[in-house]
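Here is the structure we will look at.
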Amino acid sequence: MRLHQGIVTVVAMVLIPITHAAEYTSAKALLLQAIDAPDGRAQGEIVGTIADKFRETTKSSAPVMAEVTTIKSFKQEGCKRLNVRLTQANVPTKDGKLAEFAVNYELNLCRDGSPPTEGMDLEKVGKALGSGGVAEEYSY
């Protein structure tokens with residue numbers, strides 16, 4: 001009996017955090033959390049319009065989960081390359097089985113919402129923006 005109770009306790013400790021994931025209406029807050037997290041990670045459940053679109057498209061009522069991980073830290077403070085993974089379980093396949101659906105994408109992002117400038121040719125960026133120079137377009 002005691003062994004059974006111990007197993008139930010361990011299983012509950014593992015499952016409770018999964019079922020009570022923080023909810024987000026977009027991945028933006030998760031991106032910023034990952035930038036500031038000591039381990040470079042953030043995760044939670046996506047709710048609202050984005051989740052509704054997933055459910056409509058996939059025909060699954062399972063929650064849409066997001067996990068953000070840091071791939072690289074740039075020299076510029078608060079700037080990282082991040083991987084975003086959106087997943088949804090129990091998505092019906094063409095052959096009638098259920099599978100996990102996943103979307104992965106990467107982006108370079110700074111805490112202030114801008115991209116890192118490391119590795120950019122700022123003169124070319126300014127010309128592409130039609131300003132003739134970045135100094136005219138941005139103030140530092």
Side-chain angles (χ1 to χ4, degrees):
M1 184 73 169
R2 291 191 121 166
L3 178 61
H4 177 71
Q5 288 174 336
I7 292 171
V8 169
T9 302
V10 169
V11 169
M13 288 172 55
V14 170
L15 292 179
I16 287 172
I18 293 171
T19 58
H20 296 311
E23 295 181 349
Y24 302 87
T25 56
S26 75
K28 181 180 179 181
L30 288 167
L31 295 169
L32 297 176
Q33 284 180 19
I35 287 172
D36 292 330
D39 66 353
R41 304 174 77 84
Q43 61 185 16
E45 180 181 351
I46 302 296
V47 296
T49 306
I50 294 171
D52 292 343
K53 187 64 175 171
F54 257 79
R55 289 187 188 97
E56 178 185 318
T57 303
T58 64
K59 308 298 185 232
S60 172
S61 61
V64 177
M65 303 305 295
E67 181 179 11
V68 180
T69 54
T70 299
I71 297 170
K72 173 186 176 177
S73 294
F74 291 96
K75 293 176 189 171
Q76 191 175 343
E77 178 65 29
C79 299
K80 304 213 174 163
R81 178 152 188 87
L82 303 169
N83 180 73
V84 180
R85 180 173 175 81
L86 301 174
T87 59
Q88 186 181 32
N90 300 323
V91 174
T93 62
K94 289 181 181 179
D95 61 2
K97 297 179 182 177
L98 297 177
E100 180 180 81
F101 175 76
V103 175
N104 287 292
Y105 62 95
E106 295 180 8
L107 69 154
N108 297 339
L109 185 69
C110 297
R111 192 178 295 110
D112 67 2
S114 67
T117 58
E118 184 178 321
M120 278 188 191
D121 183 335
L122 296 178
E123 186 175 323
K124 284 184 180 178
V125 171
K127 288 178 182 174
L129 294 173
S131 69
V134 172
E136 296 172 26
E137 197 66 29
Y138 298 99
S139 59
Y140 294 96

Could you tell me which non-hydrogen atom of [X] sits nearest to which non-hydrogen atom of [Y], and how far apart they are?
| X | Y | value |
| --- | --- | --- |
| T87 | A102 | CG2-CB, 3.9 Å |
| E67 | T69 | OE2-CG2, 3.9 Å |
| D112 | S114 | OD1-OG, 2.6 Å |
| S61 | R55 | O-NE, 3.5 Å |
| T70 | A34 | OG1-O, 3.7 Å |
| V68 | L82 | CG1-CB, 4.1 Å |

Using 0.5 Å steps for rounding, measure from the [atom1] atom of [X] to the [atom2] atom of [Y].
| X | Y | atom1 | atom2 | value |
| --- | --- | --- | --- | --- |
| C110 | L32 | SG | CG | 10.5 Å |
| K59 | N90 | NZ | CG | 15.5 Å |
| Q88 | T58 | CD | OG1 | 3.5 Å |

**Message:** What verdict does the side chain to side chain contact (heavy atoms under 4.5 Å, CB included) test give for N108 and F74, after you've listed the backbone C-alpha separation in whole Å, the side-chain angles of each residue and the deciding distance to 0.1 Å?
**Reply:** CA-CA 9 Å; N108 297 339; F74 291 96; 3.7 Å; yes
Do [X] side-chain atoms and [Y] backbone N/O form a donor-acceptor pair below 3.5 Å?
| X | Y | value |
| --- | --- | --- |
| S60 | A89 | yes |
| Q76 | T117 | yes |
| S26 | K28 | yes |
| T57 | K53 | yes |

**Message:** Using side chain to side chain contact (heavy atoms under 4.5 Å, CB included), reason through L109 and I35 one step at a time and then give a plain yes or no.
**Reply:** CA-CA 8 Å; L109 185 69; I35 287 172; 4.1 Å; yes
**Asked** Under 4.5 Å between any side-chain heavy atoms of V91 and L98, yes or no?
**Response**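 The answer is no, as the side chains (C-beta and beyond) never meet within the 4.5 Å cut-off.
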**Validation row: L31, V84 side chains within 4.5 angstrom (heavy atoms)** =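 They are in side-chain contact.
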**Request:** Let me see the working for F54 and L86 under side chain to side chain contact (heavy atoms under 4.5 Å, CB included), right down to the final yes or no.
**Result:** CA-CA 10 Å; F54 257 79; L86 301 174; 3.9 Å; yes
**Request:** Apply side chain to side chain contact (heavy atoms under 4.5 Å, CB included) to L107 and N83, showing your working.
**Result:** CA-CA 7 Å; L107 69 154; N83 180 73; over 6 Å; no
**Request:** Determine the sole option in Q43, E45, E100 for which the side-chain contact (heavy atoms from CB on, under 4.5 Å) test with M65 is passed.
**Result:**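 Single side-chain contact (heavy atoms from CB on, under 4.5 Å) partner of M65 among Q43, E45, E100: E45.
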**Asked** Are any of the side-chain nitrogens in E118 or K80 under 4.0 Å away from the carboxylate oxygens of its partner?
**Response**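 Between K80 and E118 there is no salt bridge, as every charged N stays at least 4.0 Å from the carboxylate O atoms.
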**Message:** For the residue pair Y24 / Q33, report whether a side-chain donor-acceptor contact shorter than 3.5 Å exists.
**Reply:**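 The criterion, which ignores hydrogens and geometry beyond distance, is satisfied for Y24 and Q33.
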